[in-house]
Each structure stands twice: as structure tokens, then as C-alpha cells.
Amino acid sequence: MIKLQLVLRNPSRDRIDDPALCALLEAHGLRVTACGMATISAETSVAEAENLFGPIPNVRAGFASDVRSTPALAIPADLQHAVSLITIAPRHAAPGQPI
């Protein structure tokens, strides 16, 4: 699975209750895993991601392996009204732990 972060155009406290946006994401094969005021976290299979975005470089174990060289992914036309940026999530680690 590839972990994605979507930055929203219009932050909202109740994003999880936006059934139209969630339905669009699911139609693209993205499973919402968390919602914040300004972002949505989602995951998808490698095959679905490459079908939607094309070849995806710099991915290791589903996360961006090199954040500085991982480009923003193309936003599907029907999501552009709600999403301003899609990236592969960086792996999070506590200080001192290897990434």
C-alpha cells in the first residue's frame, strides 16, 4: 500500500462528514485513513496509484523514501476543486530512530 497526504483547498473541521469528497476519493481507489482540518490521509495499492498517477518514484514500504525528490502527484480533474496537493506521505519516526 502507498500512503498519501492530500492538502485540502478549504479546511474544515468536519471533513470526514463530506460524503461527496469521500465518494470521489473512493472512486479513485483511495481509502481514507484519517482526516484533519486541512489534510486527508489515504492509502491505495501500488497498482491503483500507478493507474491514477503513473509511475511513482522513491517509494519504500509505502512511504516516500526521499521526501526532497518525491514530486507532487497529479490531481485528478474531479478532485481539483477540493484538493490542492497530493504527495506520498513521508515515514514518521521518533528522534533517533532510523527512517
Side-chain angles (χ1 to χ4, degrees):
M1 298 300 276
I2 292 181
K3 312 294 185 186
L4 301 171
Q5 292 180 329
L6 294 82
V7 177
L8 303 172
R9 290 194 183 280
N10 301 307
S12 168
R13 288 190 183 277
D14 299 321
R15 185 62 58 197
I16 193 70
D17 296 327
D18 188 340
L21 179 55
C22 288
L24 282 173
L25 295 173
E26 290 174 13
H28 286 292
L30 306 178
R31 186 176 71 80
V32 174
T33 58
C35 294
M37 289 178 57
T39 63
I40 291 178
S41 296
E43 63 182 14
T44 190
S45 69
V46 173
E48 288 279 350
E50 290 189 341
N51 183 50
L52 185 59
F53 305 116
I56 299 178
N58 301 321
V59 174
R60 185 179 69 219
F63 295 92
S65 59
D66 182 354
V67 176
R68 290 165 289 177
S69 65
T70 301
L73 302 172
I75 301 169
D78 61 347
L79 294 176
Q80 290 179 358
H81 73 282
V83 177
S84 62
L85 178 68
I86 301 175
T87 60
I88 300 169
R91 181 176 300 281
H92 294 86
Q97 291 181 337
I99 293 180

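Excluded from the calculations below are hydrogen atoms, water molecules and symmetry mates; all remaining heavy atoms, backbone and side chain alike, are included. Nothing fancy with the numbering, it's 1 onward along the sequence.
When hydrophobic clusters are built by joining Ile, Leu, Val, Met, Phe, Trp and Tyr residues whose side-chain heavy atoms come closer than 4.5 Å, directly or via intermediates, L21 is not grouped with V7. Under the 4.5 Å side-chain contact rule for hydrophobic residues, L85 and L79 do not share a cluster.
Side-chain atoms of I40 and C22, non-hydrogen and from C-beta on, never get closer than 4.5 Å to each other. At least one side-chain heavy atom of L4 sits under 4.5 Å from a side-chain heavy atom of I88.
In terms of heavy atoms, A89 sits closest to Q5 at CB-CG, 3.8 Å. The nearest pair of heavy atoms linking A74 to P76 is O-CD, 3.5 Å. Shortest non-hydrogen contact noted between A42 and L6 is CB-CD1, 4.1 Å. Contact record, T44 with G29: OG1-O, 2.7 Å, taken as the closest heavy-atom pair.
Every side chain to side chain contact (heavy atoms under 4.5 Å, CB included) that Q80 has, sequence neighbours left out, goes to I75. Listed by chain and residue number, E43 satisfy the side-chain hydrogen bond (donor to acceptor under 3.5 Å, both in side chains) test with R31 (two or more places apart in sequence, or in another chain).
The structure places CE of M37 at 12.0 Å from CG of N10, a figure rounded to the nearest 0.5 Å.
With T33 contributing its side chain and S41 its backbone, the two residues share a donor-acceptor pair below 3.5 Å.
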